[in-house]
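Computed from a prediction, not measured in an experiment: that's the story for all the values here. Below, all heavy atoms of this structure are taken into account, side chains as well, without hydrogens, waters or symmetry copies.
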Amino acid sequence: MRVSDGGALHFPGGLIRLALRLTQRAREITGSDALWNVVLDNEVRAVYLRGTGRSHISRDAGLWMARHRIDQMTDRGGGAVSMDMRRLRKSHKSRNYLRAGGILDDFVSGHTKDVAAGHYADIEAHREVHEQAVENGLREALDAALAPPVVLDDDGSRLDDGGDALEPEEVRAALVTDNDVWLASCRDYYDSPFALKKGAGCPVAVWGCLECPNAVFTTRHLPSLLSFLDFLEAQREEYATAEWQARYGLAWERIVHGIRPKFSTEQVATATAIAEAAGPRLSLPAQFLELTT
């Protein structure tokens, strides 16, 4: 495995060279090529040997256990305590996994991602952590879905019940088309609550904006929202009621009860006329529509 080497001790290469200097004499006595040699009980032992060094590790572990009287203890089943170096490796990997917050890309080292996930991440010791992560994710998704959508008037004033406060620059961005996606203006496309980590693009379907706290809806988006609402109504003919509800029920609910009522009758009527006239062109974001007009 390649490691960074800047010569100083805070680089892996510098630390390895320090270990070699400290143990050079012991290595000359043992004739070993081990990275680390140590004196135990007036005898020079080589540990962390390549190849056949596992027996030395086990023997030294036994001496260490005896010195600290751990070998006299019993485990939960009443048997003698033993030290399994493979378990220590898993404990070390487990600690690194928890430090990485479960992000495999930050955790994988010396293994493929599949091996790291299967052997060191998906273990019984992490079950509670994983279950809590799923519970937290579902709770965050539910909170986002139930939060009132952010709706702005043409002058940037809030038409909704005023949940999360918008910064002035966020209001200005929402009133122009630079951050537009299909149905809304997105406060930060690369900081989606549905993405696995910050910096990744939003992974949800285009109507996921209706359930996203990053979405800001203005009169500019109303024609597309009404056009999409017509699509949702048409889909009732294509799916059974339960399946339609699972696919589109929340999106329909957000438009009909969360967004459309915030606009005036005149604004809705104007948006309806635009939607009927524009037709399929409303499937494009506002920036594209500007280029085609």
Side-chain angles (χ1 to χ4, degrees), residues 130-153 158-164 166 174 179-197 200-265 267-286 288-289:
H130 291 160
E131 290 178 348
Q132 186 63 49
V134 172
E135 181 180 341
N136 291 343
L138 292 174
R139 183 181 295 111
E140 289 179 6
L142 181 61
D143 290 343
L146 296 180
V150 178
V151 184
L152 300 184
D153 206 342
R158 296 287 289 267
L159 296 176
D160 59 272
D161 298 330
D164 293 340
L166 294 182
N179 295 334
D180 271 6
V181 284
W182 182 30
L183 297 176
S185 175
C186 183
R187 284 195 267 181
D188 194 341
Y189 180 80
Y190 295 100
D191 188 18
S192 168
F194 305 110
L196 294 179
K197 64 179 181 179
C202 183
V204 299
V206 289
W207 60 87
C209 301
L210 296 166
E211 306 166 26
C212 181
N214 279 350
V216 180
F217 303 95
T218 71
T219 53
R220 183 177 68 258
H221 307 107
L222 192 52
S224 294
L225 288 164
L226 296 179
S227 177
F228 182 61
L229 182 61
D230 289 340
F231 166 79
L232 296 182
E233 294 289 359
Q235 290 301 294
R236 291 182 186 273
E237 304 297 326
E238 303 293 331
Y239 295 98
T241 301
E243 187 173 357
W244 181 91
Q245 184 65 35
R247 285 174 176 264
Y248 304 119
L250 184 54
W252 183 91
E253 182 78 19
R254 297 286 278 184
I255 296 175
V256 172
H257 298 293
I259 300 174
R260 188 175 63 180
K262 305 303 181 183
F263 296 103
S264 67
T265 302
Q267 288 172 321
V268 173
T270 301
T272 300
I274 295 173
E276 292 174 350
R281 294 174 67 247
L282 287 178
S283 299
L284 298 173
F288 288 30
L289 292 178

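- His221 NE2 to Phe263 CZ: the interatomic distance, rounded to the nearest 0.5 Å, is 9.0 Å.
- Of the inter-residue distances, the one linking Phe217 atom CZ with Leu159 atom CG reads 13.0 Å to the nearest 0.5 angstrom.
- Residues Ala184 and Ala215 share a closest heavy-atom pair of CB-CB, 3.9 Å.
- Rounding to the nearest 0.5 Å places CD1 of Ile274 at 8.5 Å from CG of Leu222.
- Scanning for side-chain hydrogen bond (donor to acceptor under 3.5 Å, both in side chains) contacts around Glu237 gives an empty result, with sequence neighbours left out.
- Leu152 has its side chain within reach of Leu166: a pair of non-hydrogen atoms, C-beta onward, lies under 4.5 Å apart.
- Scanning all heavy atoms of the two residues, the minimum distance from Val268 to Leu226 falls at O-CD1, 3.9 Å.
- Residues that satisfy the side-chain hydrogen bond (donor to acceptor under 3.5 Å, both in side chains) test with Trp244, not counting sequence neighbours, are absent from this structure.
- The distance from atom CD of Glu211 to atom CD of Glu253, rounded to the nearest 0.5 Å, is 11.5 Å.
- Nearest approach of Val151 to Gly258, heavy atoms of both residues: CG2-O, 4.3 Å.
- Note that CG of Leu232 and CH2 of Trp252 are 9.5 Å apart. Values are rounded to the nearest 0.5 Å.
- A donor-acceptor pair is defined here as one N or O able to donate and one able to accept, closer than 3.5 Å; such a pair exists between the side chain of Gln267 and the backbone of Ser264.
- Within the 4.5 Å cutoff, no side-chain heavy atoms of Asn179 are placed close to those of Tyr189.
- In this structure Glu238 satisfies the side-chain contact (heavy atoms from CB on, under 4.5 Å) test together with Gln235, sequence neighbours excluded.
- Closest of all the heavy-atom pairs between Asp160 and Pro149 is CB-O, 3.2 Å.
- Note: Asp180 CG to Arg220 CZ = 4.0 Å, rounded to the nearest 0.5 Å.
- Residue Phe194 comes nearest to Cys212 through the heavy atom pair CE1-CB, 3.8 Å, listed as atom of the first residue, atom of the second, then distance.
- One N or O on the side chain of Arg187 and one on the backbone of Pro213 form a donor-acceptor pair closer than 3.5 Å.
- Closest approach of Ser192 and Asn214 over heavy atoms only: CA-ND2, 3.9 Å.
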